[in-house]
Amino acid sequence: MQRIIGVLVVLATPLLVAAGDDDVQKEIKALQGTWKAVALEAGGNPLPKEAIPDFTYTIGADGKATGKMAQSEYTATMTVNPKKSPKTIDNVHESGSQKGKGQYGVYKLEGDKLTVCMTPPGRAEGDRPKDFTTKGTTNMVFVFERVKTP
C-alpha cells in the first residue's frame, strides 16, 4: 500500500509547460480538469475495486496540479511530451515524503479516460515503461476518469 501511495503522490503534479510549444500547450489544455483514480494495476494484476485509494488529481489551465487523498495533499512538477509514442510523462516531487525524487512514465488520453504507467519514485529515466504493462516490473498503471463539473 505504501508503494501505491508513493506513486499516487507523484501523479498529483503541476505541469511544466515548454513556452511556445503548441503541441504541449494543446496537451495541457486536454489534460485540464479533475481526474479520479478508478483502476490500478501492479505486478501484472489489477487491484480489486475496493482496494483503489480515493485519489483525485486536478490539473489547472496554468499547468499546476494538486493531488488529494484522504489524509494527504501534495504537488510535483510534471512534464509531458505528446510527440513521443507512447506519450511520455516525467514527475519530480516538490513536497511530501518523496520530495526531490523523479518518476518516469507513459500515458494515453482517450476522451475522459487518462491511463498512466509510472515507475516508482527515485528510478532512473532508463527505467521508463515502454507500454502499459506491469508484469515483472515495479511499475504501476493508473486509470483515471475525468470528474464532470456541474
Side-chain angles (χ1 to χ4, degrees), residues 1-18 21 23-24 26-28 30-60 63-147:
M1 190 63 171
Q2 284 183 342
R3 187 173 104 187
I4 292 169
I5 291 170
V7 174
L8 287 173
V9 166
V10 168
L11 290 174
T13 61
L15 300 173
L16 181 61
V17 179
D21 188 331
D23 290 336
V24 171
K26 287 178 187 174
E27 195 71 5
I28 298 302
L31 290 167
Q32 278 181 257
T34 299
W35 299 88
K36 180 169 179 53
V38 296
L40 189 59
E41 178 185 307
N45 298 307
L47 265 64
K49 195 160 190 85
E50 61 275 3
I52 298 167
D54 184 17
F55 174 63
T56 59
Y57 179 55
T58 303
I59 302 169
K64 301 292 182 191
T66 302
K68 293 182 182 178
M69 292 186 349
Q71 284 107 14
S72 66
E73 184 173 319
Y74 48 88
T75 61
T77 299
M78 182 175 80
T79 56
V80 297
N81 187 341
K83 295 177 183 178
K84 295 206 174 180
S85 182
K87 297 173 183 181
T88 63
I89 182 172
D90 299 347
N91 295 304
V92 176
H93 293 244
E94 292 181 346
S95 65
S97 63
Q98 304 298 326
K99 186 175 180 176
K101 293 182 181 178
Q103 287 183 284
Y104 302 94
V106 294
Y107 74 99
K108 59 184 173 183
L109 178 61
E110 301 166 306
D112 289 334
K113 181 174 128 181
L114 174 63
T115 305
V116 180
C117 184
M118 295 293 289
T119 63
R123 297 296 173 136
E125 185 173 2
D127 294 330
R128 180 190 310 277
K130 309 272 188 271
D131 56 28
F132 297 89
T133 59
T134 63
K135 188 172 184 178
T137 75
T138 57
N139 300 333
M140 297 184 75
V141 170
F142 298 86
V143 178
F144 296 93
E145 287 182 356
R146 189 181 303 270
V147 175

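If you read the sequence from its start, that first residue is 1, and numbering goes on from there. Computed over heavy atoms, backbone and side chain alike; hydrogens, waters and symmetry mates excluded.
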A.B. asks: Please lay out, stage by stage, how Tyr104 and Asp127 fare under the test side-chain contact (heavy atoms from CB on, under 4.5 Å).
C.D. replies: CA-CA 7 Å; Tyr104 302 94; Asp127 294 330; over 6 Å; no

A.B. asks: Could you report the tightest heavy-atom contact between Pro53 and Ala37, atom names first, then the distance?
C.D. replies: O-CB, 4.4 Å

A.B. asks: Stepwise, does the side-chain contact (heavy atoms from CB on, under 4.5 Å) test hold for Met118 with Val116?
C.D. replies: CA-CA 6 Å; Met118 295 293 289; Val116 180; 3.4 Å; yes

A.B. asks: Measure the spacing between OG1 of Thr34 and NZ of Lys68 and express it to the nearest 0.5 Å.
C.D. replies: 8.5 Å

A.B. asks: The test is side-chain contact (heavy atoms from CB on, under 4.5 Å); show your working for Ile52 and Val38 and say whether it passes.
C.D. replies: CA-CA 7 Å; Ile52 298 167; Val38 296; 5.9 Å; no

A.B. asks: How close do Ala42 and Met140 get, counting heavy atoms only, and between which atoms?
C.D. replies: CB-CE, 4.0 Å

A.B. asks: Is Leu114 close to Arg146 at the side-chain level, that is, under 4.5 Å between some pair of heavy atoms?
C.D. replies: no

A.B. asks: What pair of heavy atoms forms the shortest contact from Pro120 to Asn139, and how long is it?
C.D. replies: CD-OD1, 4.0 Å

A.B. asks: Give, for atom NZ of Lys87 and atom OG1 of Thr115, the distance between the pair rounded to the nearest 0.5 Å.
C.D. replies: 11.5 Å

A.B. asks: Rounded to the nearest 0.5 Å, how far does NZ of Lys135 lie from CD of Glu41?
C.D. replies: 10.5 Å

A.B. asks: Are Asp54 and Lys36 close enough for a salt bridge, meaning some N to O gap below 4.0 Å?
C.D. replies: yes

A.B. asks: Can you give me the closest heavy-atom contact between Trp35 and Ala30, atom names plus distance?
C.D. replies: CZ2-O, 4.3 Å

A.B. asks: Quick one: do Val106 and Lys84 satisfy side-chain contact (heavy atoms from CB on, under 4.5 Å)? Show the steps, please.
C.D. replies: CA-CA 9 Å; Val106 294; Lys84 295 206 174 180; over 6 Å; no

A.B. asks: With under 30° as parallel and over 60° as perpendicular, where do the rings of Phe55 and Phe144 fit, or are they tilted in between?
C.D. replies: tilted

A.B. asks: Give, for atom CG of Asp23 and atom CG of Asn81, the distance between the pair rounded to the nearest 0.5 Å.
C.D. replies: 9.0 Å

A.B. asks: Under 3.5 Å, side chain of Ser95 to main-chain N/O of Tyr74, donor-acceptor pair present?
C.D. replies: no

A.B. asks: Please confirm whether the backbone N or O of Thr119 pairs with a side-chain atom of Arg128, one donor and one acceptor, at under 3.5 Å?
C.D. replies: no

A.B. asks: Which pair of heavy atoms, one from Thr133 and one from Cys117, lies closest together, and at what distance?
C.D. replies: O-SG, 4.1 Å

A.B. asks: How many angstroms lie between atom OG1 of Thr79 and atom CD1 of Ile28, to the nearest 0.5 angstrom?
C.D. replies: 9.0 Å

A.B. asks: What are the two closest heavy atoms between Val24 and Pro82, and how far apart are they?
C.D. replies: CG2-CD, 3.9 Å

